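I have placed the structure first, in the form of structure tokens, so that the comments after it can refer back to it.
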Amino acid sequence: MASQIDHGQAESLIKEFRNHNKASGDNGLKTPDGKHLNGFFLDRASLENILKDPKVAGIHVHLAKHPDFVGKPDNVHTVVFSGSVPTPGAAVPYASSGQTYGDVQPCPPWCNS
């Protein structure tokens, strides 16, 4: 299970990422409109739709190339996410439930700082 961290530590870690990403200049992660990427907004309806499956133990999130930038050198990425179901005895403890979501909104502009 993930560890809950205090808000101050979260802010510090986020700031560290943002500073590092901006220092990378053109090599930093970008939003589709060219701003430095801070994160992503995952909507409640998608999360609840995944979590209503009683077999789902959690959600896994993967970084992926943004579909509008496939095959291009631009450093524009997105996330895809799906439910995770236990896989007892397998090499990895969880596998996708098969219900996968993408087309998430980047921050900025969808999230405040």
Side-chain angles (χ1 to χ4, degrees):
M1 186 164 122
S3 299
Q4 185 173 3
I5 62 174
D6 76 47
H7 188 71
Q9 181 183 16
E11 285 179 339
S12 176
L13 295 171
I14 291 166
K15 182 178 179 181
E16 180 77 16
F17 169 79
R18 288 179 182 175
N19 289 340
H20 178 76
N21 195 44
K22 285 181 182 174
S24 298
D26 286 342
N27 292 322
L29 296 175
K30 301 288 173 59
T31 65
D33 62 355
K35 295 180 179 151
H36 286 282
L37 180 71
N38 293 332
F40 299 97
F41 173 78
L42 304 179
D43 67 282
R44 182 182 185 119
S46 298
L47 296 171
E48 286 180 346
N49 199 36
I50 290 171
L51 293 172
K52 72 181 178 184
D53 179 344
K55 295 178 288 189
V56 168
I59 294 175
H60 57 264
V61 178
H62 293 275
L63 295 173
K65 187 74 171 186
H66 190 285
D68 294 344
F69 294 84
V70 170
K72 297 178 183 176
D74 305 77
N75 207 7
V76 180
H77 295 77
T78 189
V79 294
V80 294
F81 60 101
S82 64
S84 300
V85 294
T87 56
V92 294
Y94 297 96
S96 172
S97 65
Q99 194 175 58
T100 304
Y101 289 81
D103 198 24
V104 299
Q105 303 304 321
C107 303
W110 283 81
C111 312
N112 67 7
S113 57

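All values derive from a computational prediction rather than experimental measurement.
- In this structure, CG in L37 is found 12.0 Å from NZ in K35, a value given to the nearest 0.5 Å.
- Tracing side-chain contacts under 4.5 Å through hydrophobic residues (I, L, V, M, F, W, Y), one never reaches V70 starting from L63; they form parts of separate clusters.
- Within 6.0 Å of CG in D6 there are more than 12 heavy atoms belonging to other residues, nucleotides or ligands.
- Aromatic pair F69/H66: centroids less than 6.0 angstrom apart.
- Listed for the N75 side chain is no donor-acceptor partner under 3.5 Å among the backbone atoms of K30.
- Sparse packing is recorded around CD of E16, with 12 or fewer heavy atoms of other residues, nucleotides or ligands lying under 6.0 Å away.
- Residues Y101 and D43 form no side-chain contact, since every pair of their non-hydrogen atoms from C-beta on lies 4.5 Å or further apart.
- Considering every non-hydrogen atom in both F40 and P106, the closest pair reads CD2-CA, 4.1 Å.
- Without hydrogens or angle criteria, K65 side chain to K72 main chain gives a donor-acceptor distance under 3.5 Å.
- A heavy-atom distance below 4.5 Å is not found between the side chains of Q99 and D53.
- In this structure, G83 and H60 approach most closely via the heavy-atom pair O-CE1, 3.4 Å.
- Between atom CH2 of residue W110 and atom OG1 of residue T31 there is a gap of 13.5 Å, rounded to the nearest 0.5 Å.
- No side-chain heavy atom of P32 sits under 4.5 Å from any side-chain heavy atom of D68.
- There is a path of hydrophobic side-chain contacts, each under 4.5 Å, that joins I59 to V104.
- Between P67 and T78 the shortest side-chain heavy-atom distance falls below 4.5 Å.
- At least one side-chain heavy atom of S96 sits less than 4.5 Å from a side-chain heavy atom of T100.
- With rounding to the nearest 0.5 angstrom, the CD1 atom of I5 is 9.0 Å from the OG atom of S12.
- The distance from the OG atom of S82 to the NE2 atom of H62 is 6.0 Å, given to the nearest 0.5 Å.
- Side-chain contact between F81 and L42: present, with at least one pair of heavy atoms (C-beta onward) separated by less than 4.5 Å.
- Under the 4.5 Å side-chain criterion, counting only non-hydrogen atoms from C-beta, E11 is not in contact with Q9.
- A distance of 12.0 Å separates CZ in R44 from OG in S46, rounded to the nearest 0.5 Å.
- Looking only at side-chain heavy atoms (C-beta outward), N38 and N21 stay at 4.5 Å or farther from each other.
- Between H77 and L29, the shortest heavy-atom contact is ND1-CD2, 3.6 Å.
- Of all the heavy atoms in V56 and S97, the pair that sits closest is CG2-CB, 4.0 Å.
- A donor and an acceptor atom, one from each side chain of N19 and K22, are nowhere located under 3.5 Å apart.
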